[in-house]
Every structure is written in C-alpha cells, then in structure tokens.
Amino acid sequence: MVDAGVLGARIASSAVAPLVKKLFVKDQPGAGLVTRPVRISALVSFGREKRNVTPRDVEKIAEELVRRALKAAGPGERPVRAEEAVAVKHALGHSLAALGTITIDDYEAVALGPDEFARVLRSNPAVAAYGLSGDGELFYEQLLHTASLHILNFFTQRSTYIARQQTVQSQQLARLVRAVDLLLERLPSQSAEDAEFEARYAEHVAARYGTLTIYGLDAGTSEWSLDTAYLSLEATRERDGRGNGRGDGLQVPAEQVLAQHDQVLLRGVAGSGKTTLVQWLAVTAASRTYDHGLTHLIGRVPFVLPMRRIVRPGAEFPIPGDFLKAVGCPVAGEQPAGWVERVLRAQRGVLLVDGMDEIAGDRRDAARRWLRELTRTFPGNLWLVTSRPSAVPESWLGSSGFHELTLSPMARDDVATFVRRWHRAAGADEAEGTSLLQAVRTTSELNRLATNPLMCGMLCALHRDRRGFLPQDRKSLYEAALTMLLERRDRERELDHPDGVRIPYATQVQLLQKLAWWLIRNTRSEMDRSDALHIIKQAVPSMNLVGSGEDVYASLLLRSGLLREPADGRVDFLHRTFQDYLGSRLAVQELDFDLLVNNAEKDEWEDVILLAIAHARPREAEQMLRRLVEQDTARGKLLAAAGLRYAAEVEPSVRTLVEEGVESLIPPLSLTAADALAEAGGDLVLALLPGPEKINSLMAYRVTEAAARLGSEAALHYLTRFRKHPSTKVQTTLAGAWQHFDRTLYARDILAHLPQQCRVFVHSTEDLRTLRSIGGWEDIRVRGTYKVEELTELIVRERLVHLSLQAPHPVEGLAWLSVFPNLVDVYVETEVSGTLAQQVPSWTTLITPKSGAS
C-alpha cells in the first residue's frame with residue numbers, strides 16, 4: 001500500500017492545473033488598483049456574481065482531484081477505503097470553498113507559501129469534523145498542499161499579479177523610507193562612543209528580555225522564546241480616557257497603548273500578561289527594525305525598570321544615570337557618562353516601570369513623586385507603568401498626565417493560540433494541545449480558569465506532566481492552582497514580601513476560606529472592605545501572624561492573586577470557581593452539611609455542594625448524597641448523580657440509590673421532560689446524557705432538544721457528537737438551535753456538517769455573513785425586517801434553493817429574486833392582510849399571509 005502522505009503529490013501538473021484554473025475568473029489586464037486591492041474572494045468563480053463555477057462545482061473539482069490521486073496510486077496501492085475517500089472529498093471541497101471568503105490579496109497569499117496557505121484553507125472547517133483516520137488525514141493534507149501550490153502558482157502567472165506585486169513592493173519601499181525619515185528625525189547627532197554603546201545595549205535587551213519565564217509551574221516548559229510566547233491582548237480604555245477595569249470602555253491592542261498616549265498606567269490581575277508586554281515592547285524597540293508597524297517605537301531606547309529590583313529598603317529611587325546599574329545590567333559599567341540623560345532629553349526613551357504593586361505600600365507615594373519629577377524633567381518620552389488593580393487607587397497618576405487602562409481577560413481565540421504556542425515551544429505533540437483545548441472548552445471549571453496567560457500556562461504544564469490528562473478531580477486541580485498562586489510564584493521570583501508580612505501557605509488558605517464562605521452564606525458576589533477586615537482581624541490572633549489585620553488584608557489582596565477590589569471599598573474573588581472551592585472546604589470543616597443540602601435548588605450553590613462532597617469524609621459524603629436524593633426533586637437527583645464522581649468512597653447501597661434516582665430523569669421520556677431536565681440541571685446534565693451510539697433515533701431527538709436549550713460551549717461540544725446522526729428530527733433540531741449559541745462557532749462546528757435540506761433561521765445580517773462563511777445554505781428563513789440589497793449581497797446565490805421571508809411589511813415585487821438561479825420556492829409570511837403574488841420564470845413562488853392575520 002502506498003504512503004497516503006505522498007500520494008497526493010503524484011498527480012501530474014497537467015492534471016491539476018486545469019482544475020485549479022476553473023476556480024478563478026478569467027485574467028484581466030492591469031494591476032487591479034483602480035478601486036481596491038485584488039482580494040482572493042474577488043477572483044473566485046463562485047463569489048458574489050453569477051459566474052461559471054458554483055459551490056457544487058467546487059465539490060466536483062475536489063472529487064476529481066481525489067479520483068485522479070487514487071488513479072495515480074495504481075492497483076493495490078490505495079491508501080484509504082472507498083467510503084473514506086468520500087469523506088476526504090468533502091473535507092477538500094469545504095477547504096477549497098474557503099477561497100470565496102478569504103480577504104487577503106493574491107500577492108499576500110503567495111507570500112504565505114503553500115504550507116501556510118493550506119493551513120488558511122484548512123480552517124474551514126476542521127478536518128477532525130470528518131472523522132478521518134490517520135491515513136485519510138495525511139491523504140487530505142497532501143491533496144490540499146498540492147492544490148495550494150498550484151493555486152499560488154496560478155496567482156503568480158496572472159498579468160495583474162506582476163503589476164500588483166511591483167506596486168506592493170513600491171508601497172513597502174515607501175513605508176521603509178518614511179520609517180527611515182522618522183528614525184533620522186528622532187535620532188540626533190551622536191558621538192561614536194554613544195552609538196557604539198547603544199548598539200551593545202540593544203543586543204543586551206534583546207538577549208535579556210527575549211525569553212519569557214512563567215513562574216510557579218510544577219512541570220513543563222517554564223522558559224521559552226518571547227517570539228513564541230507573546231500574545232497580543234486587549235486593554236480596556238474608558239471613554240473619558242480612564243480605565244477602571246469594569247469592561248465598559250473601548251478596546252485597544254495592548255501593544256498599541258503607547259501609540260495613543262505618551263504616559264499610561266496599565267492595570268492587570270496576577271498573571272494577566274503585564275510583564276510579558278513590558279518585555280515585548282523592550283525587545284521590539286531595541287530590535288532596530290522598521291517593519292513592525294509600531295512607528296512610535298522606531299529609534300527609541302527601552303529601559304525596563306522592575307520596581308521590586310530598583311527599590312531598596314531605605315534607599316533613594318534611582319536617577320536616570322543609575323537605571324542600568326539599578327537593574328543589574330552587565331553593560332552598565334561601559335555606559336558613557338550622561339548617555340541616559342541625552343537619550344531622555346532627545347525624547348527617545350521608552351520607560352517601562354513594571355510592578356508598582358511589588359513594592360511596599362509606604363513607598364508608593366515616594367514612587368509617584370519620583371515618576372512625576374522624571375516626567376516633568378524629561379517630557380516627550382514614552383512611559384508605561386504596570387500594577388495589579390488594587391495596589392494603587394484610581395487616577396493615582398492622573399495629575400501627572402497618565403491615562404489608565406486595564407488588561408482584558410483572554411478571549412477564546414487567545415486561549416487557543418496560547419495553548420498551541422505553549423505546546424510548540426515545549427516540543428510537545430500537537431495532539432496534546434488539541435486534547436487540552438477540547439477539555440477547556442467542554443469543562444466549565446477549566447473554561448473559567450483559562451482567563452489569563454498564567455492560568456493557561458498552569459493548565460498546559462499540569463496537562464503535560466500527567467501525560468495528556470489533567471487531574472481527574474477538580475479538588476486536585478484547584479489545589480495545584482492554589483499552590484502556584486499562593487506559594488511558588490513569589491518565592492521563585494525572589495520577591496521578599498514587600499509589605500513585610502509573611503503569611504504561610506496554609507494560613508493564607510484558611511483566611512481566604514473564611515472570606516469565601518462568608519460570601520457564599522450571604523449569597524453575595526462581593527463584600528465591603530470593612531467586613532473583610534473584620535473577618536481577618538478576628539482570625540489573626542489565633543494564627544500567630546506578625547502585623548495588623550490591615551497588613552494581613554493588604555498582603556492577601558496584593559500577593560495572593562485571588563482577591564481584588566473591583567471598586568473602592570469593595571472586595572471579591574478574581575475567580576468565582578476559587579471562591580466556591582475555598583468556601584466548600586470551610587463548610588466541611590464547620591460541618592455545615594444541612595446548609596449545603598438546603599440550598600441545592602439554587603444554581604449558585606451547585607459547585608459548592610459538589611466540591612463539598614469532594615472534601616468530605618466518606619460517611620459525610622454518603623449522607624449528603626442520600627439527602628439530595630431524598631429531596632425528591634430533579635435538581636437534587638441530578639446533583640447526587642454528579643456528586644458520585646466527586647466522592648472518593650461510596651457505599652454500594654448509596655450508589656444504587658443515587659443511580660435509581662436519576663434513571664427516572666435520564667434519558668428524558670418526552671420533550672416536556674427534556675425541557676424540565678435542561679431547566680433543572682443546566683450544564684450538570686451534559687455529563688449524564690448518553691451519546692448517539694447508545695440510544696435510538698427518538699431518544700437522540702429528545703436529548704439533543706435538552707442540550708440545545710442550554711446554549712453553553714459545553715453543550716455545543718456535546719451536540720457535535722450528533723451532527724452526523726441520520727435522523728431528520730435530530731438534524732432539524734440541530735439546524736434550529738444555533739440561535740442559542742455563538743453563531744460563528746455553531747456554524748463551524750455544527751451547521752457546516754448538516755445536510756443543506758435543513759431549514760436555518762436568520763435574524764440579522766451577521767447571521768447571513770456567518771452562513772456565507774461556510775459556503776452558503778439551501779433553505780433559509782429570514783425573520784424580521786430585511787433589506788433586499790443585504791439578501792442579494794450576503795446570501796450565496798448559487799446555493800439558495802428555498803427562501804422564507806417573515807416580516808411585518810415585506811418588500812413588494814419579486815424581480816430581485818432573479819439573482820438566485822437555483823431558487824425553487826419563496827414563502828412570504830406577513831401581518832398584512834391579502835396575498836401578494838407574482839410569478840417569476842424558472843421557479844414556483846408561493847406567497848401566503850400569516851395564519852390568522854387580520
């Protein structure tokens with residue numbers, strides 16, 4: 001049998017090239033610069049205008065590529081079975097269909113190269129969706145690579161490409177000239193000594209800050225290349241120019257904050273990426289390249305000033321000439337006298353003051369005066385000061401002209417990018433990262449933890465250390481996270497308790513437990529600072545701690561990484577999941593089992609109860625399980641069933657009692673029962689619902705109805721298991737459920753794999769764009785007011801077969817429907833009395849008023 005990984009390359013160019021050319025419109029003269037750049041989507045033959053090739057023809061081209069590749073294999077050399085060859089055809093067809101949505105230019109595609117361009121095409125949709133075997137996936141990848149190679153070659157042979165490429169090169173040259181002009185303007189006459197030292201210093205910055213260390217991880221790679229590690233995050237800027245971390249302001253890329261303001265105070269929680277951003281800005285400024293797009297950094301000199309290193313007990317803050325010496329720079333001794341001052345007077349400095357929270361509270365006022373004096377003495381330089389949110393009050397540097405921003409949590413795509421880069425840097429198998437991402441997206445507690453680089457790094461390290469498996473119980477996962485946050489991180493960073501209060505790990509946990517259990521008992525998400533101080537002051541005398549209650553509270557707030565002050569005088573936990581974990585520990589210690597069980601019907605107590613079962617001793621856990629079942633409510637039975645996985649030891653009779661209790665609920669016996677199940681259990685239900693392989697079509701219909709009502713990412717993952725189910729009812733349920741989920745994710749993971757005969761409802765232009773991104777849809781029902789130009793622009797014309805329009809005042813006249821060549825029927829539903837009817841050649845038009853309308 002021939003190797004599937006090389007078979008796709010056997011197809012002769014004479015066979016592939018004609019097929020590839022069918023995908024694109026006929027070449028036109030000129031550089032295509034009259035109106036806009038030449039986008040790939042504008043070149044394809046199945047785009048917005050009716051052309052020679054339809055999306056179905058793309059599938060035929062993919063089928064022909066597969067056929068010719070198999071034919072090239074010769075007798076007895078076929079790498080995949082016939083049925084898998086069909087799956088490869090569909091995967092390849094979907095990937096080639098992405099050409100209709102790609103917005104990069106042809107010359108940009110050529111610059112990517114065939115490997116990267118194939119990855120761009122492959123993202124629509126994921127190959128895993130087709131259930132390909134290892135050989136099938138290799139076969140698909142080689143075919144796509146071969147097609148990509150010929151597509152890019154086709155671009156380079158177009159007459160417009162040559163003209164366009166020359167234009168692009170001219171534009172790039174012009175940008176380079178502008179950057180050099182800016183550099184010359186910013187770079188004053190220098191002595192040979194200054195220029196030589198500046199070059200050596202730039203090399204030092206690149207080497208010193210070119211790697212990133214994630215402290216506190218128990219295993220895995222903790223030091224890796226900054227180029228690999230850096231992730232562009234967002235910073236929140238309030239509309240009045242100030243950021244308070246409440247997320248209601250404007251979003252800007254974090255690396256661009258100094259492009260908008262010369263002086264910025266950037267707040268971020270523990271592990272949010274503040275220090276990584278500081279390093280990236282320093283290395284970028286020192287790189288002496290001009291193509292990074294950050295013109296405000298060209299020709300500037302970075303000074304990284306970690307506060308924990310430059311602030312010594314009883315010592316004055318360093319003057320500019322001592323900056324390098326204060327941070328232990330090895331080339332400080334070679335520094336020409338007055339060099340830093342000359343850089344700052346020329347307004348070329350980028351001063352990166354990192355970690356205002358890492359110095360003692362009684363030194364922060366002095367630090368503010370130091371910053372104010374420097375910014376007044378050396379105006380025109382760039383200043384970035386970072387701090388944890390609660391270390392300094394709002395507008396702390398406002399009088400000195402600083403604008404405040406806050407680093408935002410990582411988005412879903414940020415998490416995926418971080419995980420892939422971490423595993424690549426660690427030399428780990430890509431499949432490990434895919435496995436972790438799947439776990440993060442389908443497990444609510446992991447999803448809540450993966451909000452910043454520190455926590456994502458912890459999950460990656462734990463996952464790899466356990467050979468691809470995270471701790472099987474949440475208790476162990478949270479314990480590992482607490483150890484990292486409360487003990488290991490500061491110790492490994494050699495941070496010597498700036499406020500002079502050293503709190504042992506076990507004592508920190510006990511204090512945090514008291515705060516967490518108070519919040520849970522009082523059904524609060526945050527507490528007054530005075531209440532937190534009262535709880536801590538009561539506990540301090542019995543804990544043998546040095547310092548007042550205020551000192552202990554300040555230390556927990558700044559160093560634990562778990563507490564924050566979201567507003568003046570208010571305190572809460574950074575992660576609700578840690579609050580529930582810590583509160584459940586104290587609930588068990590205090591034997592508050594009655595309180596736990598009596599709150600079983602409240603959603604916010606779900607995790608607390610489950611984690612209490614994990615912390616409890618066997619007899620205590622069994623008693624909780626019995627009482628939950630004896631409540632004789634759906635919620636109680638579901639919690640008990642879920643709790644079995646948390647209990648370390650359960651007597652067989654108790655296990656039987658719990659299992660019998662949940663058998664009456666799962667699987668649901670009717671749609672009403674499915675609704676009630678989703679309402680009662682939420683995501684708790686998903687771990688208990690059966691998969692498609694264990695149930696008949698009727699039951700599959702009911703469980704997908706139950707999961708569809710949840711609308712969560714975990715529910716989306718569960719529903720992907722049914723996307724190939726043959727039942728029409730199941731397919732209809734899946735097609736109709738996307739309104740409950742993130743549209744883009746649902747279209748990619750579910751709709752793209754359903755038969756096109758299923759009806760899909762759309763409510764906005766974004767819905768139409770999303771359908772277009774997966775190649776269009778055959779049966780579309782538009783609900784709400786619409787514009788004809790939006791429908792004709794956003795619906796893939798060759799794909800549409802059935803169209804329903806439901807609007808209070810539909811558009812009169814149907815001539816516009818002629819742009820859809822394959823449209824068979826139209827159904828118009830309206831509140832207006834009477835019937836509009838207009839026959840249009842080549843299809844049947846059915847127009848009826850809304851039933852019962854007057």
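Throughout, numbering of the chain's residues begins at 1 and tracks the sequence. Reckoned from all heavy atoms, side chains included, excluding hydrogens, waters and symmetry mates.
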With [X], which residues qualify under side chain to side chain contact (heavy atoms under 4.5 Å, CB included), at least two apart?
X    : value
D632 : K637
R521 : W517, W518, L595
H534 : Q538

Measuring from [X]:[atom1] to [Y]:[atom2], what's the distance to the nearest 0.5 Å?
X    : Y    : atom1 : atom2 : result
T704 : R721 : OG1   : CZ    : 12.5 Å
I609 : M624 : CD1   : CE    : 6.0 Å
L625 : I613 : CG    : CD1   : 4.5 Å
D580 : L610 : CG    : CG    : 10.0 Å
L644 : E659 : CG    : CD    : 6.5 Å

Would you say S408 and T236 are linked by a side-chain donor-acceptor pair, where the criterion is simply a distance under 3.5 Å?
yes

With no hydrogens and no angle check, is any side-chain donor or acceptor of [X] less than 3.5 Å from a backbone partner on [Y]?
X    : Y    : value
R655 : E651 : no
R781 : R759 : no
D531 : M527 : no

Identify the two heavy atoms, one from [X] and one from [Y], that lie closest to each other, and give their separation to 0.1 Å.
X    : Y    : result
G268 : L407 : CA-CB, 4.4 Å
L437 : A416 : CD2-CA, 3.6 Å
E601 : T633 : OE2-OG1, 2.9 Å
A747 : T770 : CB-CG2, 3.4 Å

Any side-chain heavy-atom pair of [X] and [Y] under 4.5 Å:
X    : Y    : value
E606 : L639 : yes
Q508 : L511 : no
E620 : L591 : yes
F741 : L719 : yes
P618 : V650 : no
L582 : L515 : no
L754 : W777 : yes
E778 : C758 : no

Take Q731 and R723 through the side chain to side chain contact (heavy atoms under 4.5 Å, CB included) test and state the conclusion after the steps.
CA-CA 7 Å; Q731 294 168 1; R723 61 193 177 192; over 6 Å; no

Go through the steps for I535 and L533 under the test side chain to side chain contact (heavy atoms under 4.5 Å, CB included), then give the verdict.
CA-CA 5 Å; I535 293 169; L533 280 172; over 6 Å; no

Worked verdict on V658 versus R626 for side chain to side chain contact (heavy atoms under 4.5 Å, CB included):
CA-CA 7 Å; V658 173; R626 280 198 192 94; over 6 Å; no

Salt-bridge contact R585-E479 (side-chain N to carboxylate O under 4.0 Å)
yes

Lys/Arg-Asp/Glu bridge criterion (N-O < 4.0 Å) met for D594, R627:
yes

Would you mind telling me which of I750, V760, T744, L716 makes a side-chain contact (heavy atoms from CB on, under 4.5 Å) with W738?
V760

Show the numbers, then the answer: is there a side chain to side chain donor-acceptor pair (under 3.5 Å) between S764 and E766?
CA-CA 5 Å; S764 67; E766 286 306 311; over 6 Å; no

Those residues that, when tested against H615, pass ring-ring contact (aromatic ring centres under 6.0 Å, His included) (two or more places apart):
Y581

Should V597 and Q631 be marked as a side chain to side chain contact (heavy atoms under 4.5 Å, CB included) after you check the CA-CA gap, both sets of side-chain angles, and the distance that decides it?
CA-CA 9 Å; V597 174; Q631 285 186 339; 3.4 Å; yes

Tell me every residue that passes side-chain hydrogen bond (donor to acceptor under 3.5 Å, both in side chains) with R529, counting only those two or more places apart in sequence or in another chain.
E565

If the condition is side-chain hydrogen bond (donor to acceptor under 3.5 Å, both in side chains), which residues does E622 pass it with, not counting sequence neighbours?
R619

Salt bridge (Lys or Arg N to Asp or Glu O under 4.0 Å) assessment of R617 paired with E649:
CA-CA 8 Å; R617 290 170 294 188; E649 181 182 343; over 6 Å; no

